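First up is the structure itself, then whatever we jot down about it.
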Amino acid sequence: MPELPEVEVVRAGLERWIVGRRVAGVEVLHPRAIRRHQAGAGDFAARVEGRRIVSAARRGKYLWLPLATRREQPETAIVGHLGMSGQLLVLPPDAPDGPHLRVRFRFENGGRELRFVDQRTFGGLAVADLVGDPAGGRVPVPVVHIGRDPLDPAFDDEAFVRRVRSKDSEVKRILLDQTVASGIGNIYADEALWRIGIHGSRPGRRLSRAQVLDLLESVRAVMGEALAQGGTSFDALYVNVNGESGYFERSLNAYGQEGEPCARCGTPIRRIAFMNRSSYFCPSCQRAPRGRPTGRR
DNA sequence: CATAGATCCTGTATGC
DNA sequence: TGCATACAGGATCTAT
């Protein structure tokens, strides 16, 4: 399940292999993969073919590849999201097409092609215009609403504290809200909360400024560790840009550890249903809030 | 507006 | 063995 560290590994791979190349041909093999591109597959291909890819960018879990601008035309980019199972593979043309190949990009002068492969089809690609954002950067329209990620030097820690403390929602739900801080998914949310001993059901409003700052530091720590190892995956579906598995031996303290002893206190890790998925936590280190969720009356 | 819940999708694992 | 069900979950849409 790609979260920020995994997506960053893919971005770096695209920068290494794809930037500077000119697209010769595009083949859309499954319409769902470009469902966010309203004008359809023909338009998608037409907006990409003949263009040179000039860079590889990321915000949170979104990736984009800005395209060389034609005279009098708006700046555009190929925008991608891997969803749960998406992969961007750079492979020789004679590599066999897998059953989940959704989009293929061929480049001028032959060589390796770029393939978007996605089993569960939650991911997708689109071509979008780039617009200015308040900090002076250029981001695609579908990314405008996405907040900066905690590893971004321009991330505003105090704004994050205010945002979290202004919400009635459970803190884990706030962590997963990509408009508050981007790049955090179910795995790193559970790991970050375990690390500081806060239960994900605690309302944001009930956390102190110091606790929210600790939480932010914790998110940075778990993501930074994963990034240092080149991304983490616990699912064979995650494969890096060259087609090699991104799996690393990495001890998880909470996520997926139901029944295993907590690394801090030995209490068995518990799993509870949350937002149609699972939350893992130590019932001893991370005590559930009691009483009314918000404390208001 | 803020918040909560449903929904999409398919391969794998598990239960009866 | 075979069929049914649960599960994985990011982003978006709908409902309250």
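These numbers come from a predicted model, not from an experiment. Chain letters run A, B, ... following the sequence lines, proteins first and then strands; every chain starts at 1.
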When rounded to whole Å, the CZ to P distance for the pair A:F122 and B:dA6 reads 15 Å
With a 3.5 Å cut-off and heavy atoms only, can you find an N or O donor on one side and an acceptor on the other between the side chain of A:R120 and the base of B:dG11? no
Co-members of A:V143 in a cluster of I, L, V, M, F, W and Y side chains, linked at under 4.5 Å: A:Y62, A:W64, A:V79, A:L130, A:V131, A:V139, A:V141, A:V144, A:I146
Which nucleotide in the list B:dC9, C:dT12, C:dA8 gets nearest to the side chain of A:R32? B:dC9
Are any of the side-chain nitrogens in A:E15 or A:R11 under 4.0 Å away from the carboxylate oxygens of its partner? yes
Euclidean distance, atom CG of residue A:N276 to atom C1' of B:dA4 [Å, nearest integer]: 11 Å
Assign each of A:R102 and A:M275 the nucleotide of DNA chain B bearing its closest heavy atom; nearer the 5' end lies the nucleotide of A:M275
Separation of atom NE2 in A:H100 from atom C1' in B:dT10, rounded to whole Å: 8 Å
Any side-chain N or O of A:K61 less than 4.0 Å from the OP1 or OP2 oxygen of C:dA11? yes
Any luck finding a side-chain donor-acceptor pair between A:S85 and A:D118 under 3.5 Å? yes
Round to a whole Å and report the spacing from CZ of A:R271 to P of C:dC7. 6 Å
Output side-chain donor-acceptor pairs under 3.5 Å for residues 67-76 of chain A, partner residues at least two apart or in another chain, one line each.
from, atom 1, to, atom 2, distance (Å)
A:E75, OE1, A:R138, NE, 3.0
A:E75, OE1, A:R138, NH2, 2.6

Please name the nucleotide paired to C:dC13 by Watson-Crick or G-U wobble geometry with both distances under 3.5 Å, or report none. B:dG5
Find the distance A:K172:NZ to B:dG5:C1' and express it as a whole number of Å. 16 Å
So does A:R173 get a side-chain nitrogen or oxygen closer than 4.0 Å to the phosphate oxygens (OP1/OP2) of B:dA4? yes
Output the rounded distance in Å from CG (A:N186) to P (C:dA8). 9 Å
On DNA chain B, check which nucleotide each of A:H30 and A:E170 is closest to and give me the residue with the more 5' one. A:E170
Just the rounded figure in Å: distance from C1' of C:dG9 to CG of A:L176. 10 Å
Over all strands shown, is A:H145 touching base, sugar-phosphate only, or nothing at heavy-atom distances under 4.0 angstrom? sugar-phosphate
Can you measure A:R36 atom CZ to C:dT12 atom P for me and round it to whole angstrom units? 5 Å
Looking across every strand, which nucleic acid part, if any, lies under 4.0 Å from A:Y62 by heavy atom: base, sugar-phosphate, or nothing? sugar-phosphate
What is the minimum heavy-atom distance between A:A24 and A:E108, and which atoms define it? CB-N, 3.7 Å
For C:dA8 and A:Y280 - does any side-chain N or O of the residue sit under 4.0 Å from the phosphate oxygens OP1/OP2? yes
Kindly say if A:S169 contacts the phosphate of B:dA2, meaning a side-chain N or O under 4.0 Å from OP1 or OP2. no
State whether A:Q119 places a side-chain N or O below 4.0 Å from either non-bridging phosphate oxygen (OP1 or OP2) of B:dC9. no
